[in-house]
Each structure stands twice: as C-alpha cells, then as structure tokens.
Amino acid sequence: MSDVETFRKARGAFFTPPEITRFIVDWAVRTRSDCVLEPSCGEAAFLLAAGRQLAALGLAPADLPTRLHGIEIHRISADRGLACLRRQALDATVRVDDFFDCPPEPIFDAVVGNPPYIRYQHFTGEARLKSLEAALAAGVRLTGLASSWAAFVIHASQFLKPDGRLGLVLPAELLTVNYAAQVRRFLLNRFSRVRLVMFDNRVFPDVSEEVVLLLAEGNGGASSFEVFQARDANHLAQLDPCSWTGFDLGTVDKWTPALLSQSSFDIYRRLCDRDVFSSMLDWGSTYLGAVTGNNKYFTVNKAEIAQYGLAAGELVPISPPGSRHLSDLSFSPTRWRSLREAGGRCYLFYPKKEPLSTAAAHYIDMGEQKKVHHAYKCRVRNPWWRVPLVNKPDLLFTYMNHDRPRLITNEAKVQIINSIYGILLRPDRRALGRALLPLAALNSVTLLGAEMVGRAYGGGLLKLEPKEADQLPMPTPATVAAVGPTLAALRPQLITALRRNQLEQAVELVDDVMLSQYLHITAHDLTALRDARDLLFRRRVSRGRALKGEEGALDGKGGSHGEN
C-alpha cells in the first residue's frame, strides 16, 4: 500500500466508483441554475461529475465557480481536485476548511458526496466534539458511539434549500445500528421523500463495509421510504421510476426490514402485532454475565484447583467461558460435570469470606504479580479480586452466533460470566419458560426477528445487545401453554436434529405445531417468512466470508472524500 493510500484510509477516504458519482449527480443536479456543494470533497469526484452535468444542461464554463462548490480540509487534496477539474475544462470554488467549522447556509439545491467514515474508536478529540456540536445545533443529539458520517449527514442537510436534494454514499449501518436511530428519524422528519439504493455485491472492492446510497429531497414529513435493490454499481443504469419499492416500517425503528419485500415484512409484523407473539422482555429480563476483568485468571479448571489448593468455599460453579458447549436445549448437571472432567474452566474464583485461606491469599498474590489487579474492572472494585456476581439465570442466551441465538434452560443452576447472557424469568412464567421456551423459540418468526433486531459482526456473526435481545419476538405465554404438550413430545426429535446440526428440520417441526396448526398460517405466508430469514442470514454470512482475511482495511467503508 502506498503512502497516499495509507493517508487516505487513515482519514476515512477511498475512491468512489464513477458509476456511483454519476448516478447520484444525475439524480441531484437537474437544471443549469442548480447550486451544488460537495462537502469534504477530497479530489473532487462528485464535483467533476456535477461540473459535467451542469455543462451538459447548458451552464457556461465561466459560470461554474458560482454554481459548483466544495469544502476540503486538506489543501493538497483540494489543489489536486481543482487541477483535475481544470484538465477537463471545468472549474469550481473550493474552500479549504473543516466542514464542521463552516456555518450552514441553506443556499444549495443539491449536496452530494461520500462522507469520511471513521469509527468512534478513532474519531476522537476536537474533531468528534465539533461534529457532535454541529449535529446538536440541528436539534439532533448523537451518542458517543456515533461514527464520523452520522453528524456529517445532519450538518450537510443544513446547507440545502428547503426543497433541496441530498445524495450521499453511506455505510449500510445506517439501516441497523442503534446510534444511527437519531439519523434515521432526522431524515424522515427533514425530507418529504427518502430513497435508498442497496447492493447485492460490494461496490467498494478494497474495503469491508457495505454501502447504501441515500437520495433525500423535499421539505419534511416522509412517513416511509423507498428502496431499490441493485446487483452492483453497473446495475444503477437500469433504474427507472417504476423500480422503486415503497416501504412502510410502522413503529419499527431499524431499517433492516428494507432488505425484505414489503409483503414478507407485513406478514412478520402482523404476527408480532397479534396476541400470539410478544417479546423476550414479556418473559423476563436479559442481562450480561459477570464481568471479571480477566477471565483467564478468575476462571479455573479442576487441575488448577488442585494445583493451588483452592477450597470449595472459594469457588462458584459457572458455565465455562465461551458458548460452544451450549448447543442443546438445556445445560444439565451431567453436561457440566463432563466439561469439568474434560478440563473445562467450570469454576469462578470467588472467596466468600475473610480472613482468606492461605491458598486463596497465595492465588491473589499471584494475580497481583501478573498485574491482574491493574485491569480496569479490577481497579474500580474493592477488593479487586471479588467479582460482582449477577442473578443466577433461569435461561442461558448466546448473544454471538453464526446461525441463531441459542436459548438454553439452566438445569445445572450455574452462574455465568460475560461470554453469555442470562435471562431471569418472571415468577409467574418461570416454570413454563424453563420447560418450554427454548423449544418454542425454534420457530421462523423468532429466527427472522433475530436477524432484524441483531447486527452483523466480523466473519458474518450475528450479535444481539441486551436491549436487542429484549426485543426478540417470542411466542406469548398463552401460545406456548397452548402448544406446550405437543412441543414437549417433540423434544427428543428436536434434540436429535440440533445435535446433527439440522436446524431447518428442528424449525420445521416447531413451525408445524405452532404456526401451521395453532395459528393457521398459510403455507404461502410460512414460506415467505422462511425465505425472508434465509435472505438476511445468507446476506450476513456471504458478507462475512467476503470480508474474512482482508488486510489493511478499516472497520468500515472509510467513506471517501469523493476521490477519483
């Protein structure tokens, strides 16, 4: 990788395919009198396309600097952009400045570009403060987890005339992540029409993040948005007015359903709005397991217990770190003992009383020699070696998965650490939930819901945060009670299917009982639910495979400054 490429990636800048710049500009720039802005314009990919469009519409070359404007923080990039324009007999007015230092003037008919994309871990200091203040000035309070593009969208919109047009390349996390919720609400409130173009294949081959094209126009009050699903950048040329699909999300906050057909989503939403499905929160509370600060030190196996002479009173039985051992419908005492005998780290070091035994004091001294007490979670508690336990859960919940979140009855009655979630069921639903909820959760509605409320991580893994797990659609207690005896009779078949990694077979068994026989869902609607889940699952997994092994890529698209 060259020094120039490294510099671009460090500031979140990447080449924008010309098919994309041309498509956005053709949509946004409509008359020769349009005044156009490319904020963070870099080497002027969008300015070049806009200049050509204005010239084609009849604007004289001498008038281009009055109609074509750019803002760029790096003078070298700005100079290169202007040189590129002039080589094409075009021109523009480019201001060298930080975009967030520029007070918004609502004088532009079109704002186009590809915002820099820097994740929150690297988007710090004065730059972050400026961006958050700019968003707040527009009435939008972003969270500390927001990446650089989020405030950019808000600020860029303030430069538009009331009926102006915003055309941006954005990371696909616009659709799904919690921190973008404020951006999604802002777009629907600010513009009268919001359109998204999504892609089957990646259009930035050298970076890992999926992108969407945002096309927003008009003045306020969009109740829904429209979607076009393109194969790739070349497919954009085939888009026509009839290609857009309207999408009404109702009360759903995330825009992930836009990846589905409206009919599939309507089937899903209809079931979730009835009294037959509610949410995990209706059953009980979801929470993270105990945070030790150093799992390798605080979790011990049978051999280490003997080696250090630790007593039973100084140990708490736990589900071992990780979640691969949680594949059945229940975690039994027998299974826990087998893991213990196989060398699993099945105990948490947890002296309950003081004075400490000689063995426990020696183990703590060893931890201090290894600087375990310097870890943040250890530093902020007193004593550092006593891990705060959580409630012993009724159900175990795996929150990072390849295929689906797993719900497992905690028959072993063990404690948990932060590699899994726990679910403490409501007292009036505890017996029913412990016995049947892990079986009942093996249905197409819950599996589709997991793909929609969760988020994709590296390698194609699906992760649910505790609040997302709370929103996971689950059959209501009344539904589970009604089909309970039949589900219980299926338990041996379900266990066999899961142990053979035959998830589809297990889901078909539960669907037949719960959705077909009890809820009388038609075969057509059931197929639509399964196809919708399969689409989201395969999309997530295929992206994970494509991204695996990439070297040098940022954790995101690295939104371009519109470079050629």
Side-chain donor-acceptor pairs under 3.5 Å in residues 157-168, sequence neighbours left out?
{"from": "Ser157", "atom 1": "OG", "to": "Val153", "atom 2": "O", "distance (Å)": "2.8"}
{"from": "Gln158", "atom 1": "NE2", "to": "Ile154", "atom 2": "O", "distance (Å)": "3.4"}
{"from": "Lys161", "atom 1": "NZ", "to": "Asp109", "atom 2": "OD1", "distance (Å)": "3.1"}
{"from": "Lys161", "atom 1": "NZ", "to": "Asp109", "atom 2": "OD2", "distance (Å)": "3.4"}
{"from": "Arg165", "atom 1": "NE", "to": "Ala28", "atom 2": "O", "distance (Å)": "2.6"}
{"from": "Arg165", "atom 1": "NH2", "to": "Ala28", "atom 2": "O", "distance (Å)": "3.0"}
{"from": "Arg165", "atom 1": "NH2", "to": "Asp34", "atom 2": "OD2", "distance (Å)": "2.9"}

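- The side-chain tip of Arg190 does not point at the ring of Phe186 from less than 6.0 angstrom away and within 45° of straight on.
- For Glu504, the CD atom counts as loosely surrounded, since its 6.0 Å shell holds 12 or fewer non-hydrogen atoms of other residues, nucleotides or ligands.
- Side chain of Ser323 to backbone of Leu326: no donor-acceptor contact under 3.5 angstrom is found.
- Counting only distance, with no hydrogens or angles, the side chain of Arg128 and the backbone of Ala146 share a donor-acceptor pair below 3.5 Å.
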Evaluation steps, salt bridge (charged side-chain N to carboxylate O under 4.0 Å, His left out), between Asp511 and Arg530
CA-CA 10 Å; Asp511 279 351; Arg530 290 173 177 169; 3.1 Å; yes

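- When each of Pro115, Pro116, Ser131 is paired with Trp149, the side-chain contact (heavy atoms from CB on, under 4.5 Å) condition holds for Pro115 and for no other.
- Note: Asp531 CG to Leu536 CG = 11.0 Å, rounded to the nearest 0.5 Å.
- No side-chain donor-acceptor contact under 3.5 Å links Tyr268 to the backbone of Pro257.
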Determine, step by step, whether Arg269 and Asp266 satisfy the salt bridge (charged side-chain N to carboxylate O under 4.0 Å, His left out) criterion, reporting the C-alpha distance in whole Å, the side-chain angles of both residues, the deciding distance to 0.1 Å, and the verdict.
CA-CA 5 Å; Arg269 185 169 58 181; Asp266 285 343; 3.1 Å; yes

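- Atoms CG and CD1, on Asp101 and Ile73 in that order, are 7.5 Å from each other to the nearest 0.5 Å.
- With a 6.0 Å radius and a threshold of 12 heavy atoms from other residues, nucleotides or ligands, Leu503 has its CG atom above the threshold.
- Within a 6.0 Å sphere centred on CD of Gln238, other residues, nucleotides and ligands contribute more than 12 heavy atoms.
- Side-chain atoms of Thr93 come within 3.5 Å of backbone atoms of Pro65 as a donor-acceptor pair (strictly under, hydrogens ignored).
- Between Arg195 and Glu217 there is no salt bridge, since no side-chain N of the basic residue sits under 4.0 Å from a carboxylate O of the acidic one.
- Nearest heavy atoms, Ala469 versus Leu464: CA-CD2, 3.9 Å.
- Taking OH from Tyr399 and CG from Leu288, the interatomic distance works out to 5.5 Å, rounded to the nearest 0.5 Å.
- If you check the side chains of Asn443 and Thr446, you find a donor sitting under 3.5 Å from an acceptor.
- Environment of CG in Asn501: sparse, with no more than 12 heavy atoms of neighbouring residues, nucleotides or ligands closer than 6.0 Å.
- Using cut-offs of 30° and 60° on the angle between ring planes, the pair Phe228 and His235 is tilted.
- The aromatic rings of Phe152 and Phe99 sit tilted relative to each other, their planes meeting at an angle between 30° and 60°.
- Salt bridge status for Asp26 with Arg22: absent, with no side-chain N to carboxylate O gap under 4.0 Å.
- Distance check: Leu472 CG to Thr286 OG1 gives 8.5 Å after rounding to the nearest 0.5 Å.
- Within the model, atoms NE2 of His155 and CD of Glu133 stand 11.5 Å from one another, a figure rounded to the nearest 0.5 Å.
- At distances below 3.5 Å, at least one donor-acceptor pair connects side-chain atoms of Glu38 with backbone N or O atoms of Leu47.
- Note that CZ of Phe265 is 9.5 Å distant from OG1 of Thr256, once rounded to the nearest 0.5 Å.
- Remark: side-chain polar atoms of Arg80 are not paired, donor with acceptor, to backbone N or O of Gly42 under 3.5 angstrom.
- Panel note: side chain Arg67, backbone Ser33; a donor-acceptor pair is recorded below 3.5 Å.
- Formation of a donor-acceptor pair under 3.5 Å by the Gln53 side chain with backbone atoms of Val29 is found in this model.
- Under the 4.5 Å side-chain criterion, counting only non-hydrogen atoms from C-beta, Leu236 is in contact with Phe199.
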